[in-house]
Protein chains: 2
Amino acid sequence: MDSSGSSQKKAKKPRQVRDAEATQAKILDAAEQEFARHGLTGTRIDAIAARTGVVKAMIYYYFDSKEGLYQAVMQRIGAELDIAFQQLAVTDLPAEAALKESIRAGINYGAAYPHRGMLWFYEAVQNQGQYGQMSGWQKSFWSITTILERGIAEGAFRSLDPFLATINILGVCTFYFNAHENLKYLAPTRQLLSSEMIERQTQEAIDLVLAGIKA
Amino acid sequence: MDSSGSSQKKAKKPRQVRDAEATQAKILDAAEQEFARHGLTGTRIDAIAARTGVVKAMIYYYFDSKEGLYQAVMQRIGAELDIAFQQLAVTDLPAEAALKESIRAGINYGAAYPHRGMLWFYEAVQNQGQYGQMSGWQKSFWSITTILERGIAEGAFRSLDPFLATINILGVCTFYFNAHENLKYLAPTRQLLSSEMIERQTQEAIDLVLAGIKA
DNA sequence: GTCTATAATACGATAGAC
DNA sequence: GTCTATCGTATTATAGAC
């Protein structure tokens, strides 16, 4: 027998080094995954704790309650979405190019964070959008609407309802990923989430939308 | 005081008349609503029982388990969707008219059963589509794909990937309703679920898709 | 077929030692 | 800041009377 720490007595969890910021970030990451998979009510705090490696009590220490943690998660993804769209700097581009870039960015975002679309859906169904509302994602929506209005004014796009068109464009960008688990049975040989298929879908989506709204 | 049944002793639930079929149907209806709102794991059997008016034990008597009940619900909505699309008889119409009718039917279906879109979403996220797969909804999907292939062959539609196009059309038909609770904050004055707005959205969707795929 | 009562467990949240 | 231990309640599922 050796004289190391792990002894005959029942194995105790080794105490973590103290690092408030790192712990909070780990909790947020794990919570985002769990909430995306199970929603606010369906998520188990124990599952988040297990995924994080820290203990359940820490979650309450930092975020007060399950609801508080959920709000923090929605805040973060809303803010990040806003930043992603701001970086596109679409105001410098002609309307058609700006819209193409936005669609491409939207699909890329859906491919990079496939679980976040589900977070938004859960938010709509289970919480009537009350928490997402305050997270600032709306700016991304209106940036597309603005492009459409500009294109119409310049005569590049046909006359249409920019608000409804924005919704429908978002539908095209998100449905592919949100419904993927149902769609995968339709064409088992196609790898819907492979980069080739996503690139093809990106091109199809751009073609459909651009042809659909051009003057 | 009267001498009627409701007496001084603690009120017992009046025993229901025996009607197996009616009870099963009531349970299925209530379960569909609850599963659409909370998903398979999040739904409480007590909530279904309360909504149904029958007692919790009946649900286990008829459907064995929560999962069994869920399967029965998914079977039913898959079968009904299939029937709805079959009744369209789109094979008799020219491709363009057939597609218009399909889009209109899809949006009408979403408007008539706004909760069913959520059932499909939950199915994808929580159960990886395993139960929905066996419910026969795929026939509805392929009926749209077939219209697109026919239109391409006849020269009415441009060359495109009929499979991906079908997905994107479904995205347009469903996103409006699935995301409604998040979208409603964007334009508080517009009543997104009013029949006027839905008719407008139907027209926008048809215009977008038809212009997007015509030769 | 329908109901009551209850077993068995899972879960959110907190108290208090270290 | 991190951990252990536990309280109180909610929930799935079953046993058994009617």
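Computed from a prediction, not measured in an experiment: that's the story for all the values here. Side-chain atoms are counted along with the backbone in the values below, which use heavy atoms only and exclude waters and symmetry mates.
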| said: Using a 4.0 Å cut-off on heavy atoms, which residues in residues 61-69 of chain A reach DNA chain C? List them by number, or say none. | reply: A:Lys66
| said: Salt bridge or not between A:Glu34 and A:Arg44? Use side-chain N to carboxylate O under 4.0 Å. | reply: no
| query | side chain to side chain donor-acceptor pair (under 3.5 Å) with B:Thr52: which residues, sequence neighbours excluded? | reply | none
| Which one, D:dA15, C:dA13, C:dA15, comes nearest to the side chain of A:Ala57? | C:dA15
| request: When you get a sec, tell me which of C:dG12, D:dT12, D:dG1 is the closest nucleotide to the side chain of A:Met58? | output: D:dG1
| Among pairs that include at least one residue of residues 120-131 of chain B, which meet side chain to side chain donor-acceptor pair (under 3.5 Å), considering only residues two or more places apart or in two chains? | A:Tyr122-B:Gln126, A:Gln126-B:Tyr122, B:Glu67-B:Tyr131, B:Tyr70-B:Glu123, B:Tyr70-B:Asn127, B:Glu123-B:Asn127
| Can you tell me how far P of D:dT4 sits from OH of A:Tyr60, to the nearest Å? | 17 Å
| What residues form a ring-ring contact (aromatic ring centres under 6.0 Å, His included) with B:Phe141, not counting sequence neighbours? | B:Phe163
| In whole angstrom, what separates B:Ile59's CD1 from C:dT2's P? | 12 Å
| task | Would you please classify the geometry between the B:Tyr109 ring and the B:Tyr113 ring as parallel, tilted or perpendicular, with 30° and 60° separating the classes? | result | tilted
| query | Has the side chain of A:Lys184 got a donor or acceptor atom that lies under 3.5 Å from a matching backbone atom of A:Leu193? | reply | no
| task | Sequence neighbours left out, what passes side chain to side chain donor-acceptor pair (under 3.5 Å) with A:Thr145? Give chain and number order. | result | A:Thr166
| request: Would you check if the side chain of B:Lys100 reaches a backbone N or O of B:Ile206 as a donor-acceptor pair within less than 3.5 Å? | output: no
| task | Measure the distance from NZ on A:Lys56 to P on C:dG16 and round it to the nearest whole Å. | result | 18 Å
| query | Nearest-Å distance, CD1 (A:Ile45) to C1' (D:dC3)? | reply | 17 Å
| Distance-only side-chain donor-acceptor flag, A:Gln201 / B:Asp161, under 3.5 Å | no
| query | In residues 20-41 of chain A, which residues come under 4.0 Å of DNA chain D by heavy atom? | reply | A:Ala20, A:Thr23
| note | Out of C:dA13, C:dC11, D:dC3, minimum distance to the side chain of A:Arg44 belongs to C:dC11
| task | Mind checking B:Asp19 for me? I need base, sugar-phosphate or nothing, with any heavy atom below 4.0 Å counting as a touch. | result | sugar-phosphate
